[in-house]
Amino acid sequence: MFDTRRLQCLQAVHVHGSVLDAALELGLTSSAVSQQISKLEKEVGTRLLERAGRGVVLTDAARILVEAADEISAVTDRATARLEDLRHDLSGTLRVSSFPSVIGPFVAPALATMKADAPDLTVHLHEMFPERGREAILGGHLDIALIHLWGEARPALPAGFASTAVADDPIEVLLPAGHPLAEQETVALEDLVDDAWVTDDLEGFCRGWLVRRMSTFGRRPRIEHLVDEIAGQLALVSAGLCNALLPRIAFGELPPGIRHLPLVGETPFRRLHLLYRESSAGRPAVRRFLAEMEERVSGSWTPPGV
């Protein structure tokens, strides 16, 4: 019988590709993870990790153990789901991750409603950006991860995992209230080619899309401000210094002095997905959270094209 904690450490290394990243995900030190894997190597009598540049790769023996760890997790998930379904109530522990902008308007209220209906349910929320949330699901550290992907892209998931698309989050233009076009119902990007803009400093989707679309007019956008935090971008727009391009959920309720307008023509968007293990889909808590999020997010605005 292998120690499940050691298998979990090996599984995390497999998902993240390095001992350091696995340790960060598990909340352990790198030395603690290495010690657990060393003990597992002694149990099986063979090496499990090999150096590959700055990371590590799993040996054939390690891959066999990772498959076993996945099977153990699946069996445990199915047993948990059947027990909870037998009781017909929300119980146990629900571990959820979400990217920042949807926690306030959607995730927190959903979890609060579930807790009000089922005081014995324990919920844990961990803020994670999409790629890390996906890795945490694959590593067995979460029950559900809420992520986003741009456009029609679909989550890349191995067998045994599933995803549910919740809604599309359109990208809109934010203009100062005093802008000549601020009172229109929609706006065309070609009418804004001479305007100043604020974007993030991380070469994100909105910035890249703005540069590509402006190039079709033979222009480059006047990006005069680089600000990663959305609150900072909104402050600059509210002050009348520039325009911004942001997902509808991300900016939420706007401060005074800003108007948001849908774009004419091509409407970029990000699609929100819920990721989970197929073996845990029968758990009442998982089913309820999926239903809560689908209702809350998809009912919050009219998606593009509708």
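Basis for what follows: all heavy atoms, side chains included, without hydrogens, waters or symmetry-related copies. Throughout, numbering of the chain's residues begins at 1 and tracks the sequence.
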*Using 4.0 Å as the upper bound for N to carboxylate O, is an ion pair formed by Arg95 and Asp143?*
yes
*Return the set of residues passing side chain to side chain contact (heavy atoms under 4.5 Å, CB included) with Val44 (not counting sequence neighbours), or none when no residue passes.*
Phe2, Thr46, Leu48, Leu65
*Answer yes when Arg259 and Glu183 have at least one side-chain N-carboxylate O distance shorter than 4.0 Å, and no when they do not.*
yes
*Step by step, would you call Thr216 with Arg213 a side-chain hydrogen bond (donor to acceptor under 3.5 Å, both in side chains)?*
CA-CA 5 Å; Thr216 64; Arg213 289 291 288 122; 3.2 Å; yes
*Linking directly or through intermediates, with side-chain heavy atoms under 4.5 Å: list the remaining ILVMFWY members grouped with Leu254, chain and number order.*
Leu174, Val198, Val227, Ile230, Leu234, Leu236, Val237, Leu241, Leu246, Phe251, Ile258
*asked:* Once ring-ring contact (aromatic ring centres under 6.0 Å, His included) is applied, do any residues pair with Phe161, and if so which ones, sequence neighbours excluded?
replied: none
*Between Glu67 and Arg63, is the closest basic N to carboxylate O distance under 4.0 Å?*
no
*Between Glu43 and Lys39, does at least one N-O distance fall below 4.0 Å, as a salt bridge requires?*
no
_Pair listing, side-chain hydrogen bond (donor to acceptor under 3.5 Å, both in side chains) test, anchored in residues 153-165, at least two apart_ = Thr164-Tyr276
*Kindly say whether Thr122 contributes a backbone atom to a donor-acceptor pair with the side chain of Lys115 at under 3.5 angstrom?*
no
*Would you please name every residue forming a ring-ring contact (aromatic ring centres under 6.0 Å, His included) with His126, sequence neighbours left out?*
none
*asked:* Check this for me, if you would: do Arg134 and Glu131 make a salt bridge, where the nitrogen-to-carboxylate-oxygen distance has to be below 4.0 angstrom?
replied: yes
*Heavy-atom donor-acceptor pair, Asp169 side chain to Arg248 backbone, under 3.5 Å*: yes
*Say whether, by atom type as modelled, one donor and one acceptor occur between the side chain of Arg207 and the main chain of Asp200 under 3.5 angstrom.*
yes
*With sequence neighbours excluded, residues passing ring-ring contact (aromatic ring centres under 6.0 Å, His included) with His14*: none
